[in-house]
Amino acid sequence: VQLQASGGGLVQAGASLRLSCVASGRTFGSYTWAWFRQAPGKERDFVAGISRSGRAVLYGDSVKGRFGISSDNAGITTYLQMDNLKPEDTAVYYCAVREPGNGWGYDSAPSREYQLDSWGQGTQVTVSS
């Protein structure tokens with residue numbers, strides 16, 4: 001499966017952005033999704049994850065209350081709504097999926113890189129102060 005992320009950009013602190021990521025190619029129904037981000041000189045960090053059912057979501061501590069992850073009914077597109085952006089949110093944002101099966105629960109949300117199978121190319125988010 002191929003992932004295409006979009007929606008990044010340059011905004012001022014306090015603004016909002018909505019990232020999207022679409023799965024294409026050999027898709028197999030709904031996916032388990034996650035967003036990670038990597039700032040210059042830092043490790044890639046978990047941002048948010050959502051289960052195939054959409055009922056379970058997880059967030060990194062630094063984005064709780066400001067970011068929201070969702071997926072469409074078909075489960076092949078995920079969104080990351082980012083509100084009240086801060087300069088420390090500046091990073092390249094990556095979407096990732098875990099393909100169905102292999103014992104992963106329908107209501108389980110991922111939060112670790114090893115739990116994901118495919119990654120998008122990343123989209124840059126820059127927040128100015």
Thr90 side chain to Glu88 side chain, donor-acceptor N/O pair below 3.5 angstrom: no

Parallel, tilted or perpendicular: rings of Tyr93 and Phe67 (30°, 60°): tilted

Atom pair CG (Asp107) and OG (Ser51), whose distance is rounded to the nearest 0.5 Å: 5.0 Å

Ile50 side, atom CD1; Ser108 side, atom OG - distance, nearest 0.5 Å: 12.5 Å

Heavy-atom side-chain contact between Val92 and Thr123 under 4.5 Å: no

Asp61 vs Phe46, side chain to side chain contact (heavy atoms under 4.5 Å, CB included): CA-CA, chis, key distance, verdict: CA-CA 9 Å; Asp61 288 341; Phe46 170 71; over 6 Å; no

Heavy-atom check, side chain of Val22 versus side chain of Leu3, under 4.5 Å: no

Non-hydrogen atoms of Ser16 and Asn84 that approach each other most closely: OG-N, 4.2 Å

Val125 and Leu17, any side-chain heavy atoms less than 4.5 Å apart: yes

Close side-chain approach of Pro110 and Trp104, heavy atoms under 4.5 Å: yes

Separation of Ser129 OG from Gln12 CD (nearest 0.5 Å): 9.0 Å

Pairing of Asp89 and Arg66 as salt bridge, 4.0 angstrom limit: yes

Atom pair OH (Tyr31) and OG1 (Thr77), whose distance is rounded to the nearest 0.5 Å: 11.0 Å

Test item: Arg37 and Arg44 side chains (from C-beta on) under 4.5 Å apart, heavy atoms: no

Residue among Val11, Val47, Leu19 satisfying side chain to side chain contact (heavy atoms under 4.5 Å, CB included) with Met82: Leu19

Side-chain heavy atoms of Cys21 within contact of Trp35, under 4.5 Å: yes

Test side chain to side chain contact (heavy atoms under 4.5 Å, CB included) applied to Ser20 - qualifying residues, sequence neighbours left out: Ser6, Tyr79

Note, Tyr106 side chain near Thr32 side chain (heavy atom, < 4.5 Å): no

Residue pair Ser70 / Arg18, side-chain donor-acceptor N/O under 3.5 Å: no

Centroid separation Tyr94 to Phe36 less than 6.0 Å: no

Under-4.0 Å salt bridge between Lys42 and Asp45: no

CG on Leu116 to CD on Glu99, rounded to 0.5 Å: 11.0 Å

